[in-house]
Number of protein chains: 2
Amino acid sequence: MTASRTARERVRAELTREITDIARRQLATEGAGGLSLRAVAREMGMVSSAIYRYFPSRDDLLTRLIIDGYNALGEAVEQAEAPVPRGDHLGRWLAACHGLRDWAVAHPHEYALLYGSPVPGYQAPVETVAARARDVTVLGAIVSDAHAAAALRPAGDTPPPPAEAAADAGNLRGLMPGLPDELVWRAITAWATLYGWVNLEVFGQLNNTVEARQPVFEHAMRVAATTLGLVSTE
Amino acid sequence: MTASRTARERVRAELTREITDIARRQLATEGAGGLSLRAVAREMGMVSSAIYRYFPSRDDLLTRLIIDGYNALGEAVEQAEAPVPRGDHLGRWLAACHGLRDWAVAHPHEYALLYGSPVPGYQAPVETVAARARDVTVLGAIVSDAHAAAALRPAGDTPPPPAEAAADAGNLRGLMPGLPDELVWRAITAWATLYGWVNLEVFGQLNNTVEARQPVFEHAMRVAATTLGLVSTE
DNA sequence: GAAAAAACGAGAGCACCGCTCTTGACTTGG
DNA sequence: CCAAGTCAAGAGCGGTGCTCTCGTTTTTTC
């Protein structure tokens, strides 16, 4: 009933952890394609077939890493946004953006696993979907809070929301409670800007083009916040 | 002196073309990881080592496909934007955006090769950089033309441009002649929105979330255009 | 027109990969 | 104490990118 019953279970949990740790390190250095069960086994002093006692296939190990990655990213965003006063919606948005970007720049291969091109031959199982929502939940809460506090600039000159996508907006409202369609789509557009920028940077599209990444990112996120309707608190 | 001198050169060009065609088809169906020199050779009725007479390595074949992909994407964007009257800057922007998205949705694996996570172990050579500029050149021309025609809404409420990135703005002005820094960064932000949205869609992040893709994309690009300062011509 | 040079396809082979199956030793619970 | 379950190890299958050698054929050179 306690944490670990038998000695066998304890050493099994320990070895499973060691496998994922080594795999994560290989992922960080070599990238997703360089993740090799045989290399992990070699580093553990095991024979390759022994790994299959712990992970039935390479894809299952990859799934474990993806879920861990989503959680690590989500936690990073949460921790970056948490210290900001709840009423400072623009500050919360910027903090969350920087939290996401900083984590992505620090863990480029893991970020690529989450938001980059799908790994060839790998089909993401349902388990990964639950973990994915963590970072976007933070973003959604900011927009919801700002709208509830009437701190969002009204529609004004923004184009009308797409009527054909009313059902989709309903789905998304789970992440952004209380928001009208027009604001849901403004928020999604801001997210596209956020993830789009991070993708451009992490995937190397800005090499030899933009060097002062941090200030330009900050500026872009401020522009996105303005479009979203977040106004400075001062 | 003519197009093809010897018979050997003619058949060599023909075989090279056949290799890239088969490789592109494999890339489209299996993805980048499923691209196998042996499979290409098998389909051609050749032995695997013979392929190396035409491409010294798998990476060189990949480079060829990447360059072809950039050109195909650039051409798609050009053709989508060309028919729009030059003075209708918003229409040109929207047409270019749809051209990019349509091509990406039609060729997801090729798009992933261009704008997704880098292929593990593959280092993009310099040849690919030249081809890359084609789509962004179209986008840059639209913004430049709009600014030259004084059709861009002035700064207004947008945040001040990052002073630390003045040198970067200078580099980027090659794509957007005549634009002040503030507009360069507004344009880059709009591009991040564009590529960010397409990435989200092509890489499957919108599955089970946004179904009415085309209208929502259209709306997002209109929002981005408004942020960029492009106003409707009517 | 014959000889030298270059290009070519085929084949064997190397080291690696994911994965399967069997074997023998060990731990656990009845 | 012994049967059941768990484990690491090893051999092996088919796949990969890539290298090297070996005849053959085509092109170039004299």
Side-chain angles (χ1 to χ4, degrees), chain A residues 1-20 22-23 26-27 29-66 113 118-123 125, chain B residues 1-20 22-23 26-27 29-66 113 118-123 125:
Chain A
M1 292 301 170
T2 87
S4 53
R5 280 212 304 262
T6 75
R8 186 159 248 164
E9 279 182 14
R10 251 182 294 120
V11 68
R12 182 182 178 83
E14 178 61 33
L15 283 181
T16 305
R17 236 190 72 85
E18 189 176 343
I19 291 175
T20 58
I22 294 180
Q26 288 198 357
L27 175 68
T29 57
E30 307 289 333
L35 177 59
S36 146
L37 285 185
R38 290 182 117 107
V40 173
R42 216 177 299 126
E43 192 166 336
M44 294 185 65
M46 275 174 123
V47 89
S48 73
S49 58
I51 300 283
Y52 288 85
R53 297 271 176 200
Y54 300 89
F55 290 93
S57 78
R58 181 180 181 271
D59 280 8
D60 289 84
L61 177 54
L62 209 55
T63 298
R64 175 80 262 153
L65 293 179
I66 289 179
L113 209 55
V119 176
Y122 172 80
Q123 186 66 12
Chain B
M1 293 302 168
T2 86
S4 52
R5 281 210 305 262
T6 74
R8 183 159 249 165
E9 279 182 14
R10 251 183 294 120
V11 68
R12 180 181 179 86
E14 179 62 31
L15 284 181
T16 305
R17 235 190 72 86
E18 189 176 345
I19 291 175
T20 59
I22 293 179
Q26 288 196 359
L27 173 69
T29 58
E30 309 288 333
L35 177 60
S36 148
L37 284 185
R38 291 182 114 107
V40 173
R42 220 176 297 126
E43 193 166 334
M44 293 186 64
M46 276 175 125
V47 91
S48 73
S49 58
I51 301 284
Y52 288 84
R53 298 278 178 198
Y54 300 88
F55 289 94
S57 78
R58 181 180 181 273
D59 280 9
D60 290 84
L61 178 53
L62 211 54
T63 298
R64 176 77 263 153
L65 292 179
I66 289 179
L113 208 55
V119 176
Y122 173 79
Q123 186 67 10

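Chain naming here is simple, since letters A, B, ... match the order of the sequence lines and numbering starts at 1 in each.
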Between atom [atom1] in [X] and atom [atom2] in [N], what is the gap in whole Å?
{"X": "A/Leu37", "N": "C/dC19", "atom1": "CG", "atom2": "C1'", "answer": "9 Å"}
{"X": "A/Glu30", "N": "C/dC16", "atom1": "CD", "atom2": "C1'", "answer": "14 Å"}
{"X": "A/Leu35", "N": "C/dG18", "atom1": "CG", "atom2": "P", "answer": "8 Å"}
{"X": "A/Gln26", "N": "C/dG18", "atom1": "CD", "atom2": "P", "answer": "9 Å"}
{"X": "B/Arg42", "N": "C/dA10", "atom1": "CZ", "atom2": "C1'", "answer": "16 Å"}
{"X": "A/Leu62", "N": "C/dG18", "atom1": "CG", "atom2": "P", "answer": "11 Å"}
{"X": "B/Glu14", "N": "C/dG9", "atom1": "CD", "atom2": "P", "answer": "13 Å"}

Taking the side chain of [X] as its heavy atoms from C-beta onward, which of [options] lies nearest to it?
{"X": "B/Arg12", "options": "D/dG17, C/dC8, C/dC17", "value": "C/dC8"}
{"X": "A/Tyr54", "options": "C/dC19, C/dG18, D/dA8", "value": "D/dA8"}
{"X": "A/Arg53", "options": "C/dT22, C/dC19, D/dT16", "value": "C/dT22"}

Approximate separation, where rounding is to 0.5 Å, of A/Ser48 OG and A/Leu37 CG |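 So the OG of A/Ser48 and the CG of A/Leu37 are separated by 8.0 Å.
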
Quick one: pull up OG in A/Ser57 and CD1 in A/Ile51 and give me the separation to the nearest 0.5 Å.
->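 If we round to the nearest 0.5 Å, A/Ser57:OG and A/Ile51:CD1 are 12.5 Å apart.
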
For DNA chain C, whose closest nucleotide is more 5', that of B/Val47 or that of A/Ser48?
->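 Nearest nucleotide further toward 5': that of B/Val47.
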
Under 4.0 Å between any heavy atoms, over every strand shown, what does [X] touch: base, sugar-phosphate, or nothing? Just pick one.
{"X": "B/Phe55", "result": "nothing"}
{"X": "A/Leu15", "result": "sugar-phosphate"}
{"X": "B/Ser57", "result": "sugar-phosphate"}
{"X": "A/Ile51", "result": "nothing"}
{"X": "A/Leu61", "result": "nothing"}

Taking A/Arg58 for the side chain and A/Leu35 for the main chain, is one N or O donor matched with an acceptor at less than 3.5 Å?
->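 Yes, the answer is positive, given that a donor and an acceptor are paired below the 3.5 Å cut-off.
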
Can you tell me if [X] touches the phosphate of [N], counting only side-chain N or O atoms and a distance under 4.0 Å to OP1 or OP2?
{"X": "A/Arg58", "N": "C/dG18", "answer": "yes"}
{"X": "A/Ser49", "N": "D/dA9", "answer": "no"}
{"X": "A/Tyr52", "N": "C/dC21", "answer": "no"}
{"X": "B/Arg10", "N": "D/dT26", "answer": "no"}

On DNA chain D, check which nucleotide each of B/Ser36 and B/Arg8 is closest to and give me the residue with the more 5' one.
->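 Taking each residue's closest nucleotide, the earlier one in sequence belongs to B/Ser36.
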
Would you sort out whether B/Thr16 and B/Phe55 count as a side-chain contact (heavy atoms from CB on, under 4.5 Å), showing the intermediate values?
-> CA-CA 8 Å; B/Thr16 305; B/Phe55 289 94; 3.9 Å; yes

Would you kindly check whether a donor in the side chain of B/Arg38 faces an acceptor in the base of D/dG17, or vice versa, at under 3.5 angstrom?
->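 Yes, a donor-acceptor pair under 3.5 Å.
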
Would you tell me whether B/Asp60 and B/Thr63 have side-chain atoms, one donor and one acceptor, within less than 3.5 Å of each other?
->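 Not at all, the side chains of B/Asp60 and B/Thr63 share no donor-acceptor pair under 3.5 Å.
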
Can you tell if the side chain of A/Met46 reaches within under 4.5 Å of the side chain of A/Tyr54, non-hydrogen atoms only?
->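 In contact.
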
